[in-house]
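Basis for what follows: all heavy atoms, side chains included, without hydrogens, waters or symmetry-related copies.
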Amino acid sequence: REDFSAGRGDLKRMVAAAERNEFDVLVVQDFDRLGAGTRAQLLLEDLLEIDIEVLFYREGKLQQRFGAGEEVLYAVRAQMAKNERRKSVERAYEASRTKAEMGQVAGGRVYGYDLRRVETGTAANGRKLGYTVYEINVEQAKIVASVFEQAAEGKGLRAICKDLNARGVPGPGTDRKGSDGKWRPSAIQPWFLREMYRGVVVWNKTQKLLRKGAKVRVQRDEADWVRTAKPELQIVSESLWTVVQARRGEEVERLRKLQD
């Protein structure tokens, strides 16, 4: 017996093991867990063709071969599951968009801010209702402002990180398992594009797409971005933000000339 439940990335490993006749029965929650759309049906057909039985334990059904009309039935189920996934993604997207437009947290944690839960009531089932907002973390905000000030003076990312590490300032993600708490240029570089520091929350800049079986994050058109002014979240003054952007522009141009 082998467990292939660690993640969708184990699918190829499972198929390879089946082709080597390393197991006789595949136990899966239900048909939809085999894949999205027609891929689930095709995978089931491939498994049955090499005499692998599939037990759908939620339905209590052992599939050994296709009966009359079952191929059509599975094709319909696959399409229905695909449509439901699309609708689920659309519902989640609209919910996040509404949160962003109302100034609520629609993403994850951001250095310089804390997350605060605002309770609005209790549902009939006892579940607490509410939403989450960002609040400035005073100590972290000082670090953000310091980084922008040094960047405005012309200091590079490595020099800024060296200064923070020398001062013993805990790096982002210090509380995460495996983190050494050190500052690195890759942690700071995105800050100079984060308009939240100037009091503008931007949502929907990227999206996840499935390409060649893997999820990748791609940039959306700027017209699709949702910008919400939140002056209470401003850490960096507009003048300082402008100076840093000008510095970055000069650096990009310098690198472009070197490449030419």
Just verifying a value: how many Å separate [X] [atom1] and [Y] [atom2], rounded to the nearest 0.5 Å?
| X | Y | atom1 | atom2 | result |
| --- | --- | --- | --- | --- |
| S96 | N204 | OG | CG | 9.0 Å |
| R184 | L157 | CZ | CG | 14.0 Å |
| D163 | K155 | CG | NZ | 5.5 Å |
| I52 | L26 | CD1 | CG | 8.0 Å |
| L240 | Q245 | CG | CD | 9.5 Å |

Distance-only side-chain donor-acceptor flag, S146 / Q150, under 3.5 Å
yes

Excluding sequence neighbours, so at least two apart, what forms side chain to side chain donor-acceptor pair (under 3.5 Å) with S186?
none

Taking salt bridge (charged side-chain N to carboxylate O under 4.0 Å, His left out) as the cut-off, I'd like each qualifying pair that reaches into [range], sequence neighbours left out, listed once.
| range | answer |
| --- | --- |
| residues 139-149 | E139-K142 |
| residues 111-127 | R116-E135 |
| residues 225-235 | E195-R227, E222-R227, K230-E232 |

ILVMFWY network linking V110 to I136, side-chain heavy atoms under 4.5 angstrom:
yes

Checking [X] now: which residues fulfil side-chain contact (heavy atoms from CB on, under 4.5 Å) with it, not counting sequence neighbours?
| X | result |
| --- | --- |
| V144 | Y111, F148, W191, Y197, I235, V236 |
| V169 | I143, L164, R167, W183 |
| E101 | R97, V226 |

By the rule that ILVMFWY residues connect when side-chain heavy atoms come within less than 4.5 angstrom, directly or transitively, which residues belong alongside [X]?
| X | answer |
| --- | --- |
| V138 | none |
| Y131 | V118, V133 |
| L193 | none |
| W225 | V200, V202 |

Distance-only, no hydrogens or angles: does the [X] side chain make a donor-acceptor pair with backbone N or O of [Y] under 3.5 Å?
| X | Y | answer |
| --- | --- | --- |
| R220 | T206 | yes |
| R247 | A152 | yes |
| T228 | A100 | yes |
| Y113 | M196 | yes |

Within the supplied structure, the quantity of interest is the number of heavy atoms (other residues, nucleotides, ligands) at a distance under 6.0 Å from R109 CZ; does it exceed 12?
no

Please check if the number of heavy atoms outside R158 that lie under 6.0 Å from its CZ is greater than 12.
no

Name all residues meeting the salt bridge (Lys or Arg N to Asp or Glu O under 4.0 Å) criterion together with R194; count only those two or more places apart in sequence or in a different chain, and write none if there are none.
none

Going through the distances and angles, do V105 and K99 end up as a side chain to side chain contact (heavy atoms under 4.5 Å, CB included)?
CA-CA 6 Å; V105 174; K99 286 182 179 180; over 6 Å; no

Provide the closest heavy-atom pair for Y134 versus G108 in the form atom of the first, atom of the second, distance.
OH-O, 2.6 Å

